[in-house]
Amino acid sequence: MKTIMIHSLHQGEGKTKIAKELAGYTQLQGKRALLADLDFITEPHSRALGLPSSPNLQDLLQEITAAAKEKPYFAVQLGEEKLEQYLLTHHSGLKVLSSENAKHLAEDEEIAQKIRTVVRNLKQLPYDLMVIDTDSSNRDYNQAVLEETDQVLIVMDNFRYNVKDLILYLHKLQDMDYSTDNFKIVLNKVPDPVHVTIDEIEKETGLPVIGIVPVLDKTPLPPQETENVYLNVANPNNVEFIAAIKKIVDVL
Ligand SMILES: Nc1ncnc2c1ncn2[C@@H]1O[C@H](COP(=O)(O)OP(=O)(O)O)[C@@H](O)[C@H]1O
Ligand SMILES: [Mg+2]
């Protein structure tokens with residue numbers, strides 16, 4: 001299984017949107033994709049793809065916590081049948097590990113180990129691709145995710161300021177001996193060359209920009225509360241958007 005972590009330095013840059021569409025696109029291409037929502041921080045919580053939000057990540061974490069009473073976290077292996085019980089199925093066939101808002105989990109001393117155990121277990125499942133959506137914090141549990149995944153996609157939408165933030169973040173990780181060799185950038189917006197060019201972004205950060213996702217026209221979107229039911233890649237009218245997502249999937 002190929003595993004992709006979707007991350008950004010600030011909230012609202014488009015992580016959830018891009019995570020969903022990358023996983024959805026892969027599934028619609030006839031592959032088996034899994035979307036894991038590991039964001040238990042963001043408010044208001046929006047349900048993944050309009051699916052019910054239960055069972056969810058919090059239920060799976062409880063199962064892992066119980067299993068960890070018997071053995072160390074690294075030895076906790078739940079098995080395919082048990083793990084599948086925590087996944088929801090979108091009508092496209094896409095599997096989803098949903099998440100509720102549960103900010104208290106960030107205070108759990110063992111949250112990084114628990115999240116790492118979630119990712120390690122999900123990696124054992126027979127899917128072609130797992131896309132992991134995260135919150136935008138630089139917390140230990142997100143560092144566990146980046147250690148466990150093949151690729152890290154940084155979503156950016158506010159260039160001038162974010163390039164500096166990104167450089168700082170990369171330096172912090174490198175100081176802690178994390179490799180950032182598998183990091184790539186996706187721009188969620190066509191960059192304004194007056195501010196900063198793609199060349200500059202690549203040069204300053206040392207990371208490749210592997211895609212530019214256009215802003216979707218707001219008019220044909222369903223109302224806010226149902227937005228998440230909708231996979232934009234499933235609507236053939238979104239020609240440019242689909243082409244952009246395809247390009248990213250091809251590079252990954
Ligand atoms: N390319 C895009 N076109 C139109 N709307 C977008 C696009 N990317 C993100 N959005 C909207 O911006 C808001 C924030 O995006 P979201 O994916 O939730 O960000 P994050 O997960 O990083 O906090 C959402 O309402 C989302 O639908
Ligand atoms: Mg999000």
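When a ligand or atom number is given, it counts from 1 through the structure's own listing order. Residues take their numbers from the sequence shown, with the count starting at 1.
- Here atom 11 (C) of ligand 1 lies nearest to K17 when heavy atoms of H7, H10, K15, K17 are compared.
- Proximity of a side-chain donor or acceptor of E148 to a complementary backbone N or O of R116 within less than 3.5 Å is not detected.
- Ring pair F40/Y141: centre-to-centre distance below 6.0 Å.
- Here L207 contributes atom CG and I201 contributes atom CD1; the two are 10.5 Å apart, rounded to the nearest 0.5 Å.
- With contacts defined as side-chain heavy-atom distances shorter than 4.5 Å, the pair M5/V131 does not qualify.
- For ligand 1, the polar-atom distance check against D133 finds no nitrogen or oxygen pair separated by under 3.5 Å.
- In the candidate list T16, N188, I212, N188 is nearest to atom 1 (N) of ligand 1, counting heavy atoms.
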>> Set out, in order, the CA-CA distance, both residues' side-chain angles and the distance that settles side-chain contact (heavy atoms from CB on, under 4.5 Å) for H7 and L153, then state yes or no.
In response: CA-CA 6 Å; H7 196 50; L153 268 199; over 6 Å; no

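- The count of protein N, O or S atoms under 2.8 Å from the Mg ion (ligand 2) stands at 1, with waters excluded from the count.
- Only one option out of T180, I167, I154 pairs with T205 in a side chain to side chain contact (heavy atoms under 4.5 Å, CB included); it is I167.
- Closest non-hydrogen pair, S137 versus N142, comes out as O-ND2, 2.9 Å.
- Between V215 and ligand 1, no N or O atom pair is found at a separation short of 3.5 Å.
- Ligand 1 has a nitrogen or oxygen under 3.5 angstrom from a nitrogen or oxygen of G14.
- Taking every heavy atom of G12 and a limit of under 4.0 angstrom, the matching atoms of ligand 1 come to 14 (C), 19 (O), 20 (P), 22 (O), 23 (O).
- Taking hydrophobic clusters as Ile, Leu, Val, Met, Phe, Trp and Tyr residues chained together by side-chain heavy-atom distances below 4.5 Å, I18 shares a cluster with V251.
- Heavy atoms of P214 come nearer than 4.0 angstrom to ligand 1 in at least one pair.
- V239 is not connected to L28 by any chain of hydrophobic side-chain contacts under 4.5 Å among Ile, Leu, Val, Met, Phe, Trp and Tyr, and they are in different clusters.
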